[in-house]
Structures are given as C-alpha cells and as structure tokens.
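Below is one structure; the comments refer to it alone.
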Amino acid sequence: MKDLSIKNKLYLGFGTVLAITLLLLVMAFNSFTRLTEANGWDKHTMQVLIELGLVRSSMLHAQVETRGYLLTGLESAIVNERDNAADLSKHMENVLKLTADNPRQQERLKKAQNLITAWVNDNLKRQIEKRRALGETKGAADILGQSNELRDSASIIKSATDLLDDAEDEENRLLKERTATSVAQQQLANNLLIMGGIAAVVVSLLVTYLLSRAIVTPLNNLTVALGRLGAGEQSTRAEVLSRDELGKVTQDFNSMAQVLQETQLREQALTNELREKVDSLMETVTRAAEGDLTSKVNVTGEDAIGRLGAGLSRMFDNLRSLLNNVQKAGIQVTTSATEIAASAKQQEATGVEQAQTSVEVLSTTKEISANTTQLLKTMEDATAVADYTTSATSEAQVNLRRMDQTMQNMVSATDSINAKLAALSEKASNINSVLTTITKVADQTNILSLNAAIEAEKAGEAGRGFSVVATEIRRLADQTSVSTWDIEQMLKEMQSAVSASVMGMDKFSEEIRRSVSEVRQVTDQLSGVMDQVQKLAPQFDTVLQGMQSQAVGAQQITETMMQLNDATQQTVESLKATSEAVHQLQYAAGDLQSSVATFAVTV
Amino acid sequence: MKALVFHIGHDRYGLPLQVVQRVLPLLELKALPMAPDAVAGMMNLHGATVPVIDLSRASGGPPARQHFDTRIVLVDYTDPEGAVHALALLAERVQRVQEVSEQALQPSGVRAAPFLGAVAGDSDGIVQLVELDQLLPAALRALLFQPEDKAS
C-alpha cells in the first residue's frame, strides 16, 4: 500500500467500489431473472386453470343445449351444437398443449378428452337422433329421460368432471407451490439488494477513509514542516510516510530544506569571515590613526576587502618608508647643525684670539709712537730705537701674516658652512619630493575609499560594515593630507631659516675678505715703514722727516688697528648670529624629529 | 539613498550611487575635434573607448579646473531604448559618498537644466541630484553612441 503511487491508489479504491457495484448488479439481475421465471410459471398455471374452466363451461353449454332440445324438440335449440363441439375440442386441445410438460396431467386429460369426444360424437348424437325420431310425440321428453343414453351421458360427464377436478386440484397445488417459490425469490432479491447496498456503502466509506488518509496525512505533515521552515526553523524535516508522489515531494522538500540550511550556514560563515577581516582592518587602521604604523595588514585575497587590505598594506609600507626617510633626514640635519655649531664656536674662538692679537698690535704701535716721540728727543738713541723699530715692525708683520692665515681659515670655514647649508637645502628638496609621493598616496587612498564606498553600497546589506571602513579610510586619507601640509609648512620655515643663514654667511665672508685686504694693506705699509727705518742710518737729516712720517704711519696703524678691531668685533657678532641661526636650525630639526617620532614605524 | 557628492562651481551636486561604477583619477584624455563643448574628450578604459562629458561645461560653466580632487566618474548610462553604455563624467571636487534621506528630497521647482532633479538640504547647504538619463540631448546621444557601437 505504501509503495503504490497516488494514481494506483485511486484506481484501486474506485476499482473496488466499481467491482462491488458490478457484483451486486449481476446478483440482482440473476435474482430478477429467477423471479420473472417464477412469475411465468404462475401465469402458465393460471392459463391452464382458465382453459380447464373453459372446457368445463363448453361441456356445460353443450349439455344444456342438448337438454333444451330434448325437452322442446325445437331445432333452433341445437343450432350451435356443432360450434359447441368444436369449442370443446379446441379448449381441450389447448389444455393438452399447455400441460405438455406434465405427463401425469397429460395422461389424465387425454382420458378426459377421449371420454368427452366419445360423449359428444356418440352419446349426444344418438340422443339428438332419438328425439328427432320422436318428433311431436307426446311425452317424448319423459321417454328420453328414461333412456339409457341419458344415464350413460351422466356417468360419462361424471367421470370426465372427476378427471377435470383432479387436473384442477393438481394445477391448484402447483399454483400454490409456485406462488410460494415466487415469494421466496422476491424475499431473496430484497435481502440481496439491502445487504449488497450496505456492503457497497461500507466498502466505499472504507476506501474513502484509506485514500484520504494516504493523501491527507503526508500533506498535513508537509504543511506543518513548511510552516516550521517558514517560521525559521531550518533543521525541520518532514517524515517520509510513503513512496508515492507525495513521498517524493516530501523527499524533495527535505532536500530543499537541507540545501537552505547549508546555504544559510555558508552565508553565515562568509559574513563571519568578512566581519573578521573588517575588524582586523579596523584595528590596523585605528592604530595607524593613533600613529602606530607597526601593525601589519593580514587581510589578503581577490575580493574587495582583500584589495582594500593590499592597498592599505601598500599605503602603510609607503608611509613607513617615508617616515623612515624623514627621520633619517632629521638626524642628518641635526648632525649637520651640530657640526656647523662646532665650526661656529671654533671661529668664534679664533675671532676672540684675533681681537686679542689686535689689541696687542695696538699697544705695540702705541709703543712705536711713544718711541718715535722719544727718538725725536733723544737723537743719540735713534739708531737703537730704529733697530728696535725694525724688529718691532717685523714682529708686527709676522703677527699680520698670522692674522692673514686666520682670516684664510675663516674663509674656508665659511665655505664649509655654505656647503653644509646647500646640503641641508637639498635634503629639504628630497623631503619635498617624498611629500609629493605622500600626497599622491593620500589622493589614491581617497579614490580607493570612494570606490570602496561604491562597492559597499552595491554589496547591499552585507557592505554596511564595509561602508563604515571606507569612511574611516577616507578620513585617514584626509588626515594624511593635513599632516603632509603641516610638514610642508615646517619644511618651508626650515628652508627660509637656511636661506637666512646662507645670506648671513655671505655677508660674513664679504667682511672677512675686506678684513684680509686691509690686513694686506697694513702689511704693505709696515714694509714701507721698515724701508724708511732702514734708511735712517745713512740719511740722518731726513730722520726727522722720517720720524714724522713714522709718527704719521704709527697713527695710521693705530687707526687701521682700530678698524681691524672693529672688523673683528663685527666678525664675532656675525659668528654669534651664525650660531643663533644654527641653533634655530637645530630647533627646526628637533621639531621635525619629534613630529616624525609620533609615528611608530619599526615593525 | 546614497549619492557621490561633487561640485559645479561653488554648488554641491549628488550622483545616485546605483549608476556609479567607480571613481578614477584624472587622466590624459584624447581630444575630439569638432565635438560639442560638453564633450571633454575620450578615454581608454582597458582597451574600450569611453566618451567623457565635462559636467561643469555641460551645465554652461567654464571647463572643469584640473585640481587634485577633480576626478573621472565612470557611470552606466541607460538610453531611452534601454541599452546601457559606459560613460565617463569629469567632475570637480569629488569629495565623499553621502547619505541623502528620501524624506529630505524635494522637487527643485526650477527646470532650467533638464538633468538637474530634486534637491535636499543638509547641514552644509543644498545638494541637487543629477538625473543621469536626462544628461545627454538626443543629438549628442546619437553622436556619442553610433549604431555600430550598439551592435557591438
């Protein structure tokens, strides 16, 4: 039953009902046929009885007419005599024909026929002949009433009537029997119809119940399972109750529920993976926003998140290398600034030394002046004084040469400072180009974030979290742009400070060159003084003049020395300015380093 | 709905995100001689040629200035026959993707430019939405998307 398809179940059910109905019909038909047959027999017996009655009546008729003739002698009374005989024989024949199936009746009736035929043809005719012969004779009726013929006739009729009575009794008995059979048949037919009808109804109800149970139970099962599935119970399965179409539907439903459950699990897993990746990216980005660039981006893959992760990773790498470069450049700048500061200190010391030398020279020239005045008074000591003057002048020359050497050192130190400043300027340019790279990266990140936002929007509900990440990335890119702008401003300040330093150094160099030329001039003048002093001995007359010119020369030396002193002071001041510029440079480099140090880059 | 916000002159406009394919950096365009003013040129996108419409010039202003945040926005243009074409738009100051609430949207009431639609006010001022399918007049559309282009 379970293995049958619904079609076969329906065929089986309705076939059963149809078979019972057909069986019932056949039995009813059978019963009715028998009933009809019994009725036919009834009718047949009735016909026999009627014919027997007719025979009797025909016989009575013939007897009555003959008797009338015998009494009256009127020929008109026996007009129908021949017809009566014919009727009688005809009815007798009919009775014989009808009872052909019953040999006993046949025998009895044949006997009666013979008697009746003999009576009609012999006895009656003889009575009629006798009456006709008597004619109008008085008492004819009485004569005939005493005749043997009439007595014979009565006995014949008596025996014939007895036979007919027997036959009628027999037929009545048969009629009773057959009526009983007919009633029994009718009863049987009624019972059959009632029992068969009840059986058909019961079987139909049973078939209906079984069919509805076979169809409705799995359907109910399936409906309940569908309702539970609709309510979100993914593990719901309907029980397979049969192997028919509904069983197949149930199996298909189960496999569909299985597929649904698996699909949902897979989707859940995908969502979890995406969330994990986004969380990882968020953590990395948040730490990067706080300045910690050390964390690595672990998200890879070909999807949007993976590409985003790769882009972020590349961006972080670029930022790290950039910040490394900036830190290195800052260290270099600091080193250079320290070197410059050391050079400036050295120069300052040299300047102080030079100033001391100048003071010494000044005092020497003053001494020369005093000596010259003394020479003017003490001519005798002139030669000695002249000698002293010569030696003092040559000493001054040596000092001047030393001063010249110092000046040369200062020039070369200044050139070195200039070269350092040029290197600093070049580093600043390098930083500028790195900043251009950062700006490009920030720009690309901005585009990336826009496209990520578009992709997130197209991903629909699943891209909601990703959209937040895209917004964060865009903020980060904006922040990077702002930081880049800040660094650019700091760099500009640094470059202007370097330019100021270069200008100061140029001015300083110029002044040193002027000092050098003045020192050379002093040296030349000193040479002239020496020449004149050496000419003192042979040209004593011109000593006075020489003395005077010497006094003038000494005065000039004093003035020159004063100027030199001033120049040296200026040099010291310039050096202090340089020192200050270098300090500013150091501060700028320190600022740069501390700005960059807020980013942690080592992994 | 979400919209990509850009500028024409000093005003902000929004492009509905469902038509936007992606945002590209500003790149070298091939000039199209004798093309109408609104056509900025033609770009090569992975071998396919895509016409570029300058939104600033399409709305009657001067050509878009080439700033660092002037972008090319790649969109899907659906013509009245229902065919979809790749179209690039040159837009200034493409800044962000912004949420535009449906309730805030109101008809502008003025229909001077056929492709400028509903407006929405927010904390920064007014954003007007661009109706992309009204952007190209029939003549320009016929010029840009030739029949053999459709067949391909």
Side-chain angles (χ1 to χ4, degrees), chain A residues 278 285 302-308 310-311 314-315 318 432-485 487-488, chain B residues 1-7 12-28 43 45-46 50 52 55 64-78 84 86-102 122-124 127 129-130 132:
Chain A
V278 169
V285 168
E302 284 305 308
D303 54 353
I305 280 280
R307 289 211 302 274
L308 178 66
R314 212 163 53 236
M315 189 185 84
N318 283 340
N432 244 339
S433 72
V434 171
L435 283 177
T436 311
T437 310
I438 298 176
T439 310
K440 274 182 190 165
V441 169
D443 191 28
Q444 279 173 2
T445 310
N446 184 281
I447 290 178
L448 189 67
S449 74
L450 285 175
N451 281 325
I454 291 166
E455 290 291 333
E457 183 62 19
K458 284 184 181 162
E461 197 62 33
R464 185 66 49 88
F466 186 56
S467 163
V468 175
V469 178
T471 311
E472 287 299 321
I473 292 169
R474 190 178 55 74
R475 276 192 198 138
L476 188 62
D478 290 351
Q479 218 174 325
T480 310
S481 293
V482 170
S483 298
T484 313
W485 195 80
I487 295 173
E488 237 171 26
Chain B
M1 63 178 291
K2 285 200 171 176
L4 185 69
V5 176
F6 64 93
H7 285 68
R12 292 192 302 146
Y13 293 89
L15 202 53
L17 216 54
Q18 59 258 41
V19 299
V20 179
Q21 246 184 35
R22 51 201 278 224
V23 178
L24 300 171
L26 190 60
L27 35 85
E28 196 87 20
M43 63 179 272
L45 184 73
H46 308 308
V50 178
V52 184
L55 283 173
R65 290 162 291 176
Q66 307 220 329
H67 283 146
F68 76 98
D69 55 0
T70 300
R71 310 275 191 219
I72 289 176
V73 183
L74 199 61
V75 296
D76 286 324
Y77 175 74
T78 313
V84 177
L87 185 68
L89 305 175
L90 190 62
E92 275 186 22
R93 294 167 69 188
V94 178
Q95 285 182 330
R96 70 186 71 183
V97 171
Q98 186 183 324
E99 179 71 43
V100 179
S101 83
E102 304 276 0
D122 59 12
S123 56
D124 296 337
V127 178
L129 289 185
V130 172
L132 187 63

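Quick note: numbers below take in every heavy atom, side chains included, and nothing from hydrogens, waters or symmetry partners. Naming convention: chains lettered A, B, ... in sequence-line order (proteins, then strands); numbering from 1 in each chain.
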Donor-acceptor pairs under 3.5 Å, chain B to chain A, main chain and side chains both?
unit_1: K2(B); atom_1: NZ; unit_2: S467(A); atom_2: OG; d: 3.1
unit_1: V20(B); atom_1: O; unit_2: K458(A); atom_2: NZ; d: 2.5
unit_1: V23(B); atom_1: N; unit_2: N451(A); atom_2: OD1; d: 2.4
unit_1: V23(B); atom_1: O; unit_2: N451(A); atom_2: ND2; d: 2.8
unit_1: R71(B); atom_1: NH1; unit_2: D443(A); atom_2: OD1; d: 2.7
unit_1: R71(B); atom_1: NH1; unit_2: D443(A); atom_2: OD2; d: 3.4
unit_1: R71(B); atom_1: NH2; unit_2: D443(A); atom_2: OD1; d: 2.6
unit_1: R71(B); atom_1: NH2; unit_2: N446(A); atom_2: OD1; d: 3.2

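- In this structure, L450(A) CG and L24(B) CG are separated by 11.0 Å, a value rounded to the nearest 0.5 Å.
- For the set V97(B), V23(B), V20(B), V94(B), the count of heavy-atom pairs under 4.5 angstrom toward chain A peaks at V23(B).
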